[in-house]
Each structure stands twice: as C-alpha cells, then as structure tokens.
Amino acid sequence: MAVHTLTLAVATADGKADSFLAYPDDNAPNPAVLVFSDAFGLRPVVRRDAERLAAYGFTVLVPNLFYRHGCAPVVDLPDVIGADRRGEIFGVLRPLLTALAPELVVADAAAYLSWLADSPLTTGNPVGLSGYCMGVRHALHTAAAYPDRVAAVAGFHGGRLATEDSTSPHAVVDRITAEVYLAHADADPGLPPEQIEQLDAAFSAAGTIFRTEVYLGAGHGFTQSDTDVYDAGADARHWTELTGLFTRVLR
C-alpha cells in the first residue's frame with residue numbers, strides 16, 4: 001500500500017515535539033500506532049520503518065522524544081552506528097536519557113495520544129504502542145498510565161524492565177489492560193534472566209494477556225539496521241510479530 005508522510009509539531013505541556021507521521025494512501029481513517037524509538041532517536045531508519053508499518057494499514061506517529069533539547073537528530077550520528085562511536089554518542093546522550101523521567105514520558109504521551117485521537121487520519125479507537133530499547137520502558141509506562149487509550153503494546157530488545165528502581169516498569173504492569181508482546185535480546189546485560197522472570201511474574205499476577213520470548217542469538221538492538229548489532233533474521237521475526245499483533249488487535 002502506498003503511504004504519505006509529513007513532519008509536524010505536536011504541542012505538549014513543555015513545548016512542541018517535532019514528529020514524523022506516516023499514513024496509508026487510502027483516503028480513510030486507520031488504526032493509530034505511537035512509536036517510542038531507541039536512544040538514538042528519530043532518524044532516517046526510524047522514518048523508513050514508520051513508512052513500512054503504515055503500509056500495513058496504520059497511521060503511525062513517531063515523536064522526537066528529546067524535543068526539549070532540540071529538533072531531531074539531537075546528536076550527530078554516523079551512517080552506521082558501531083562500537084567505535086557508541087561510547088562517544090552515549091556520552092552525549094546520557095544526560096538527555098537521565099532527564100527523560102517517566103513522569104515526563106507519560107505527560108508527553110498524553111499529548112501524542114490526544115493528537116492521534118483527534119486526527120481525521122485515525123479511527124479514534126485505542127492505539128498500539130511499539131517501543132525499542134529504552135522505548136519499551138516508555139511504552140509500558142504509557143500503557144499503564146492510559147489503559148483506556150492503549151489496546152496493544154509491542155516491545156523489542158528493551159532493558160531495565162524489572163529493577164529495584166522505583167520507576168521500574170514491572171511495578172506498574174498491573175494497570176495495563178492492553179495485550180503485550182515483548183521480544184528480548186539474547187544474553188542482554190541490560191535484561192538478565194532474573195529480570196525477565198520477574199517481569200513475566202508481574203504480568204501473570206496482574207492477569208495481563210502477554211507473551212514474551214528471547215530471540216536466541218540476537219543482540220541488543222537487533223531491529224536497528226543502521227547499527228552494527230543489526231540481525232536481519234531477528235528483524236524479520238520482529239516485523240511478523242509486530243504486524244500480526246497490531247492487525248489482530250487494532251483492526
């Protein structure tokens with residue numbers, strides 16, 4: 001399906017978030033998806049993936065999560081993000097990541113969800129959330145904060161999902177009513193087996209409809225084709241699960 005794209009600004013309590021929108025060329029409202037990117041943020045690969053998802057029949061909004069620090073990209077990124085630059089890039093990003101506390105994510109999400117609900121390009125029904133790396137945390141916090149506005153959550157290679165931190169996502173999953181699918185990286189130091197077990201236990205105790213699995217052999221960041229950890233096989237599996245969940249639950 002052909003798609004249209006545009007760049008827009010979503011008004012939030014703290015300013016305007018530059019955002020990317022992709023939607024089907026079908027002259028009809030479609031189910032909405034809100035994407036929470038990884039730490040490298042809104043960039044060409046993320047825009048391309050939003051267009052690909054829109055071609056399945058969804059209106060896809062990808063905000064610049066770091067809009068408080070400028071328009072995307074907020075850091076200079078190479079064409080391929082490799083180990084030789086990763087430390088340097090995260091040195092710049094770390095203060096931004098620290099500043100993006102869950103309460104700010106949730107406040108911003110209210111603006112994104114309202115924009116989608118009011119747009120004639122969407123059906124106005126509860127949305128799907130997709131998250132990558134840090135975006136998985138954001139997606140879970142958003143689903144917990146707005147259970148009546150979120151129908152499905154898909155997260156890939158997330159980290160720190162069940163920690164001792166008071167803002168750990170596992171502590172709020174009892175508020176989530178959406179169906180959840182999470183695909184974890186293999187041997188991810190940011191999400192060791194004990195965290196996965198604790199997260200699954202929290203979902204089970206809450207009665208959440210969920211499924212989690214580890215993509216064996218796939219490293220953290222396996223969906224991101226502009227990085228040296230990209231795994232084509234795991235990415236293909238990610239697209240099957242992502243589109244399958246959203247097609248079944250949102251359409």
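- With T122 contributing its side chain and L116 its backbone, the two residues share a donor-acceptor pair below 3.5 Å.
- Side-chain atoms of I196 and L191, non-hydrogen and from C-beta on, do get closer than 4.5 Å to each other.
- V229 places none of its side-chain heavy atoms less than 4.5 Å from the side chain of H157.
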Item checked: Residues F58, T247; criterion side-chain contact (heavy atoms from CB on, under 4.5 Å); working and verdict -> CA-CA 9 Å; F58 302 101; T247 297; 3.9 Å; yes
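- When side chains are defined from C-beta on, T212 counts as touching H184, because their heavy atoms get closer than 4.5 Å.
- Residue G221 comes nearest to C133 through the heavy atom pair CA-SG, 4.3 Å, listed as atom of the first residue, atom of the second, then distance.
- Between F40 and F66, the distance separating the two ring centers is not shorter than 6.0 angstrom.
- In the hydrophobic cluster analysis, where Ile, Leu, Val, Met, Phe, Trp and Tyr join through side-chain heavy atoms closer than 4.5 angstrom, L182 is grouped apart from V249.
- With hydrogens and angles left out, the side-chain atoms of D14 and Y67 include no donor and acceptor closer than 3.5 Å.
- Remark: M134 CE to R137 CZ distance equals 10.5 Å, nearest 0.5 Å.
- Atoms CG and CG, from L65 and L97 in turn, are 10.0 Å apart once rounded to the nearest 0.5 Å.
- A 4.5 Å side-chain heavy-atom check between V150 and P126 finds every atom pair outside the cut-off.
- At distances below 3.5 Å, not a single donor-acceptor pair connects side-chain atoms of R94 with backbone N or O atoms of I89.
- Side-chain contact between N30 and L121 is absent, with no heavy-atom pair separated by less than 4.5 Å.
- Using a distance-only test at 3.5 Å, with no hydrogens or angles considered, no donor-acceptor pair links the side chain of S119 to the main chain of W115.
- With 3.5 Å as the limit, one finds no donor-acceptor pair spanning the side chains of S19 and Y112.
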Next item on the list: For D108 and R68, run salt bridge (charged side-chain N to carboxylate O under 4.0 Å, His left out): C-alpha distance rounded to whole Å, both residues' side-chain angles, the deciding distance at 0.1 Å, then the answer.
Entry: CA-CA 11 Å; D108 289 345; R68 293 175 178 83; 2.9 Å; yes
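- At a threshold of 4.0 Å, the pair D38-R43 counts as salt-bridged, since one of the basic side-chain nitrogens sits closer than that to a carboxylate oxygen.
- Salt-bridge check for E213 with R211: passed, with a basic side-chain N closer than 4.0 Å to an acidic carboxylate O.
- Proximity of a side-chain donor or acceptor of T142 to a complementary backbone N or O of V106 within less than 3.5 Å is not detected.
- Checking Y215 against D186 by side-chain atom types alone, no donor-acceptor pair falls below 3.5 Å.
- Within the 4.5 Å cutoff, the side chain of F156 has no heavy atoms near those of the V136 side chain.
- The distance from atom CG of D79 to atom CD1 of I81, rounded to the nearest 0.5 Å, is 9.5 Å.
- For E179 and R248, the salt-bridge test passes: some basic side-chain N is under 4.0 Å from an acidic carboxylate O.
- With ring centers used as reference points, Y132 lies 6.0 Å or more from H220.
- The distance from the CG atom of L34 to the CG atom of L113 is 6.0 Å, given to the nearest 0.5 Å.
- The closest side-chain donor-acceptor pair between D235 and T223, if any, does not fall under 3.5 angstrom.
- Although no hydrogens or angles enter the test, the distance criterion places no donor-acceptor pair under 3.5 Å between the side chain of S168 and the main chain of A171.
- The backbone N or O of Q224 sits less than 3.5 Å from a side-chain atom of T227, completing a donor-acceptor pair.
- Remark: the backbone N or O of A83 is paired with a side-chain donor or acceptor of D228 at under 3.5 angstrom.
- In terms of heavy-atom proximity, V180 sits nearest to I176 at CG2-CG2, 4.1 Å.
- One distance of note links CG of L21 with CZ of R47; it measures 12.5 Å at 0.5 Å rounding.
- Taken to the nearest 0.5 Å, the CG atom of L53 stands 5.5 Å off from the CG atom of L242.
- One hydrophobic cluster holds both V173 and F210 under the rule that ILVMFWY side chains link at heavy-atom gaps under 4.5 Å.
- For the pair L42 and S37, the minimum side-chain heavy-atom distance is 4.5 Å or more.
- Not a single donor-acceptor pair under 3.5 Å links the side chain of N64 to the backbone N or O of G41.
- No salt bridge links D226 with R48; every basic N to acidic carboxylate O contact stays at or beyond 4.0 Å.
- By the criterion of side-chain heavy atoms lying less than 4.5 angstrom apart, applied directly or through intervening Ile, Leu, Val, Met, Phe, Trp or Tyr residues, F203 is not grouped with V172; the two fall into different hydrophobic clusters.
- Using modelled atom types and a 3.5 Å distance limit, the side chains of S114 and R149 yield a donor-acceptor pair.
- Cluster annotation: V46 and V33 are assigned to the same hydrophobic cluster (Ile/Leu/Val/Met/Phe/Trp/Tyr, side-chain heavy-atom contacts under 4.5 Å, transitive).
- With T208 contributing its side chain and S204 its backbone, the two residues share no donor-acceptor pair below 3.5 Å.
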Next item on the list: Quick one: do T163 and D165 satisfy side chain to side chain donor-acceptor pair (under 3.5 Å)? Show the steps, please.
Entry: CA-CA 5 Å; T163 70; D165 191 298; 5.3 Å; no
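- Of all heavy-atom pairs between D18 and A72, the closest is OD2-N, 2.9 Å.
- In L8, the CG atom is crowded: over 12 heavy atoms of neighbouring residues, nucleotides or ligands sit closer than 6.0 Å.
- Side-chain heavy atoms closer than 4.5 Å link hydrophobic residues (I, L, V, M, F, W, Y) into clusters, and following such links, possibly through other members, connects L199 to V214.
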